[in-house]
Amino acid sequence: MSKILSQLNDVQRLAVQQIEGAQMVIAGAGSGKTRVLTYKIAYMIEQGIDPFNILSLTFTNKAAREMKERIYTIIDSSEARNVWMGTFHSVFSRILRAEGEVLGYPSNFTIYDTDDSKRLLKAIIKEMQLDDKKYTPGIVANRISSAKSNLITAAQYYASSNIFTADQNAQRPEIREIYKTYAARCFKSSAMDFDDLLLNTYILFQKFPEILYKYQEKFKYILVDEYQDTNHAQYRILRSLADRYQNLTVVGDDAQSIYAFRGANIRNILNFNRDYPEAKTIKLEQNYRSTKNIVGAANSLIANNKGQIPKKIWTDNAEGDKIRIFIATSDNHEGKIVAQSIFDNKITHHYKNRHFAILYRTNAQSRAMEEALRHAGIPYRIYGGISFYGRKEIKDILAYFRLTINPKDDEAFKRIINYPKRGIGNTSLQKMIIAANNKNLSLWETAKQIHRLNIPLHSTAKRKISDFVTMMESFQAQLHQLDAFALAELILKQSTIQHTLQADKTIEGIGRMDNVEELLNAIQEFVEKDKEDEEQAKFDGEEYAGTLDDFMKDVALMTDADKQDDGDSDKVSLMTVHAAKGLEFPVVYVVGLEENLFPSFMSLNSRPELEEERRLFYVALTRAMQKAYISYAEMRYKWGELKFSEPSRFLDEIDEKYLEFENRPTPPSPKISRTAGTAPLNKAKPASRLQRNQSFFKGNKRLTKISDVSPAATPPSNLKNLKTGMRVKHGKFGTGKVIAIEGAPPNTKAKVQFPAVGTKTLLLRFAKLEILE
DNA sequence: GTATTATCTAAGTCT
DNA sequence: TAGATAATAC
């Protein structure tokens, strides 16, 4: 038997050996899914299939990189580099850069990230003079995004009476206008947003059969990871690509589908056999990752979902410890408990920092964890949140790069026309925008012709604008003369960004400078790596010159997960459960298991959404190899307010035999005097499990918001008893006297007379007033 | 046009 | 709480 096959179990081997035809692998958590994919590709190459004919779509670019490396070692050859491997978005952007011309896009098109899209939408909404309460960029962006994910173009959206009616009913009839304008503006700027990468690829293949044919011939073998999370657009593209040869392997687990919110359609995996009647289905049910307790707990949890592909996940691994549940008094306390537990585990069981992960539902929860870890001297790394490329200082610099590469990029233009300050303020910019829209020009073209166009601007302003144009043109001229690093340095200097940043000696300023350094390092690394690859690239018939536009190609698609690990870093990982998909850790802490948080309050209205939350928790639990901990806090800061929370219903869904409740530590919980009657949930202190079971979930009645922290709960919010005439202390204004109280909670305001600063009206919710009586 | 201050408002997950 | 925006003063 081939060496490759001998390293697999029977079912895995079956999956690997079937090269031809359609195949669906249902891979339970920890069942060696990646192993199957990796070995299958290795095996295909070993069997003589040309790696150039293989397309492998992974969930992150990092996963692609790691898979390639593993294939190198399995087949002991560098042939693996010729496999096309990457995320849907990165692979399709590559195709669009090569072929997009027929759709009217230059190969240097910009990829707008969410931030760019929302800024543009905001500008459009403002131009159209719509009510920005009804039309928030977020809501509109979601609407447009889901349309695109379902392959509905702006024109189709506009023409559909069903959609229009739906929007009308939602009090947002203008969305079709916004979408239309938005699409036109993006096109004019030679820009695509994330969804466009899919939509346009689809259109490309539809409209140009000869191009589709070319890629069908190229990708005779297609493998897709995390198939349960593909959306309609991805589904349709795959279908057309695989149509000719039907050699399509999809791997996934319906129990781990957690991306419905961005259009993932679980039916894709459920209907695979209908789409490909000849397809073989293979189920990987043995879990190699986790202990019996963890697998058992996860199984008992997920059993609460309906309508799954039936499967029985089991394991041969050791029994392991029961899952321990920590009950904390507050979010900060939760952080301390987790940090303490990590500390203990390190000492007693000799774990390294990198063996731990802390998983949470929302990014905001990371703060309490960070603080506690910092305090305990435990190094950590946060994935996600505001990613590196999302930082303002980085985005500003990237905007220079973008405008250098694609001068039509209006969002980049707006970002940097007055950064660093060069005296072209908002008024001038607005005038330019109006002129640009009237003449149907990009802002760049408008700026270039600023002297010729009839724009009511002062001549000084015009001169400053043309200075800016001259500077940018000098960068553009260097684009293919200098390598990325040299040009980046030049831009930083000439634009005076470097100078501006260096002048800022505050801690944040230094931090920003550090980030810029890091960006430069990344560019430097890229240039060097590119030089190494140059030979190979030439062989591929591509031009890899290590220039800035090369560097920028993938930046927008880069996520934190894709970032190279900074060497031998031994750090605890902090991330959302979503970000943890596909990863595993010896010890996992899942924190914040509270109603309205996990499951999220957004999901409580419908069964499908609740089930998705449950799958999410399932994903979280199954990341753990040896030990899993779950925690929740009885009180948590939300929206700047301390709120009571309830243990998550999911805790009760796990079979109790897998759980072990920590003795409730008894720190001096603040004395709580609940006002009678105001608390519909009379169980702020979930003292016993029994009590919780009886009370917290009755039918599917949505829980009343638990917002009324009673007056005595915390000193800063001890303000319900505030009366006129009282003396209070304010952090900034000093002591003063209350002269009036107005408004109803939560918007109660107090008028306070401060001897030092005069009368102030303060929102009690925010002002930290202290009563001095 | 810009710097500073006050006020508002958002907080779900991601390519 | 923190970041964004509006209002204000310069």
Side-chain angles (χ1 to χ4, degrees), chain A residues 57-61 86-93 111-114 117-119 122 126 132-133 136-138 141-142 145 148-149 192-198 226 229-231 233-234 257-264 331 359-365 367-368 383-387 389-390 392 418 421-429 458 460-461 464 508 554-562 575-581 592 596-603 609 612-613 615-616 619-620 636-643 716 732-733 747 749 757 760-763 765-768:
Chain A
L57 294 162
T58 56
F59 194 65
T60 62
N61 290 308
T87 61
F88 278 92
H89 288 84
S90 65
V91 167
F92 294 163
S93 76
I111 299 173
Y112 277 177
D113 64 16
T114 316
S117 303
K118 287 196 179 156
R119 278 165 190 259
K122 199 172 171 188
K126 204 169 176 184
D132 56 4
K133 299 264 177 342
T136 66
N142 275 339
S145 170
K148 285 184 182 176
S149 312
M192 296 194 203
D193 64 21
F194 289 134
D195 302 305
D196 286 329
L197 295 173
L198 307 180
E226 310 283 9
D229 282 326
T230 50
N231 65 26
Q234 293 165 325
S257 165
I258 55 173
Y259 279 102
F261 72 90
R262 72 176 205 215
D331 43 4
L359 308 182
Y360 34 77
R361 178 65 181 78
T362 67
N363 280 305
Q365 290 166 261
R367 193 151 46 99
Y383 295 77
I386 304 163
S387 80
Y389 289 101
K392 185 185 173 300
N418 201 28
K421 296 260 146 62
R422 51 173 70 85
I424 307 167
N426 198 28
T427 331
S428 310
L429 178 60
H458 285 297
T460 39
K464 285 171 182 162
E508 300 85 43
D554 294 326
V555 161
L557 301 175
M558 214 84 106
T559 66
D560 266 22
D562 293 324
M575 63 184 89
T576 63
V577 182
H578 281 95
K581 178 156 116 160
N596 295 320
L597 180 61
F598 203 169
S600 155
F601 65 98
M602 309 281 286
S603 68
E609 282 180 283
E612 175 148 319
E613 294 283 314
R615 291 193 294 269
L616 193 56
V619 169
R636 179 177 298 278
Y637 269 99
K638 268 182 192 168
W639 299 287
E641 270 182 295
L642 198 55
K643 295 194 175 178
K732 216 165 170 183
F733 304 134
N747 294 319
K749 291 172 203 157
V757 288
K760 297 273 167 191
T761 307
L762 302 159
L763 205 51
R765 197 147 44 104
F766 291 108
K768 282 194 206 144

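Chain naming here is simple, since letters A, B, ... match the order of the sequence lines and numbering starts at 1 in each.
The residue among A:Thr362 and A:Gly423 whose nearest nucleotide of DNA chain B is located toward the 5' end is A:Gly423. Judged by closest nucleotide on DNA chain B, A:Asn426 is the one of A:Asn426 and A:Ala364 placed further toward the 5' end.
The OH-P distance, from A:Tyr360 to B:dT13, rounds to 10 Å in whole Å. Rounded to whole angstrom, the span from the NZ atom of A:Lys118 across to the C1' atom of B:dC14 amounts to 11 Å. For the pair A:Phe59 CZ and B:dT15 P, the computed distance is 7 Å after rounding to whole Å. Computed from coordinates, the A:Asp196 CG to B:dT15 C1' distance equals 13 Å when rounded to whole Å. Note: CZ (A:Phe601) to C1' (B:dT13) measures 12 Å, nearest angstrom. Put simply, CG on A:Asp195 is 11 Å from C1' on B:dC14, counting in whole angstrom units. Spacing between atom NZ of A:Lys581 and atom C1' of B:dT15 amounts to 12 Å, rounded to whole angstrom units. Between A:Asn61 atom CG and B:dC14 atom C1' there is a gap of 13 Å when expressed in whole angstrom units.
When all heavy atoms of A:Leu616 and A:Val577 are compared, the pair lying nearest together is O-CG1, 3.2 Å. Summarising the geometry of A:Pro137 relative to A:Lys118, their closest heavy-atom pair is CB-O, 3.8 Å, with the distance given to 0.1 Å. Considering all non-hydrogen atoms of both residues, A:Ala620 and A:Leu359 come closest at O-CD1, 3.9 Å. Scanning all heavy atoms of the two residues, the minimum distance from A:Arg422 to A:Lys464 falls at O-CD, 3.2 Å.
Both thresholds, 5.5 Å between centres and 30° between ring planes, are not jointly met by A:Tyr259 relative to the base of B:dT13, so the two rings are not stacked.
At least one side-chain nitrogen or oxygen of A:Asn363 sits closer than 4.0 Å to the OP1 or OP2 atom of B:dT13.
Among the nucleotides B:dT15, B:dC14, B:dG1, the one closest to any side-chain atom of A:Phe194 is B:dT15. With distances taken from any side-chain atom of A:Thr576 to the nucleotides B:dT13, B:dG12, B:dT2, the minimum falls on B:dT13. For A:Arg367, the listed nucleotide lying nearest its side chain is C:dA2; candidates were B:dT15, C:dA2, B:dG12. Taking every side-chain heavy atom of A:Ser600 into account, B:dG12 is the closest of B:dG1, B:dC14, B:dG12. Minimum atom distance to the side chain of A:Lys421 is reached by B:dT2, of the listed B:dT2, B:dT15, B:dT13.
Each of A:Thr576, A:Asp331, A:Leu597 was compared with A:Gln365 under the side-chain contact (heavy atoms from CB on, under 4.5 Å) criterion, and only A:Leu597 meets it.
Residues passing the side-chain hydrogen bond (donor to acceptor under 3.5 Å, both in side chains) test with A:Asn418: none are found, sequence neighbours excluded.
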Can you list the steps and then say if A:Arg262 with A:Asp229 is a salt bridge (Lys or Arg N to Asp or Glu O under 4.0 Å)? CA-CA 9 Å; A:Arg262 72 176 205 215; A:Asp229 282 326; over 6 Å; no
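Note on A:Asn418: only backbone sugar-phosphate atoms sit closer than 4.0 angstrom, heavy atoms only; bases stay farther off. Contact annotation for A:Thr427: backbone-only contact, meaning every heavy-atom pair under 4.0 Å involves sugar-phosphate atoms and none involves a base. A:Ser428 comes within contact range of the sugar-phosphate backbone alone, with a heavy-atom separation under 4.0 Å but no base atom that close.
For A:Gln365 and B:dG12, a side-chain-to-base donor-acceptor distance below 3.5 Å is absent, hydrogens and geometry of angles not being considered.
The cationic atom of A:Lys581 (NZ for Lys, CZ for Arg) lies less than 6.0 Å from the six-membered ring centre of A:Phe59 and within 45° of the ring axis.
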Between protein and nucleotides 3-7 of chain C, what N or O pairs are separated by less than 3.5 Å?
unit_1, atom_1, unit_2, atom_2, d
C:dT5, OP1, A:Lys122, NZ, 2.4

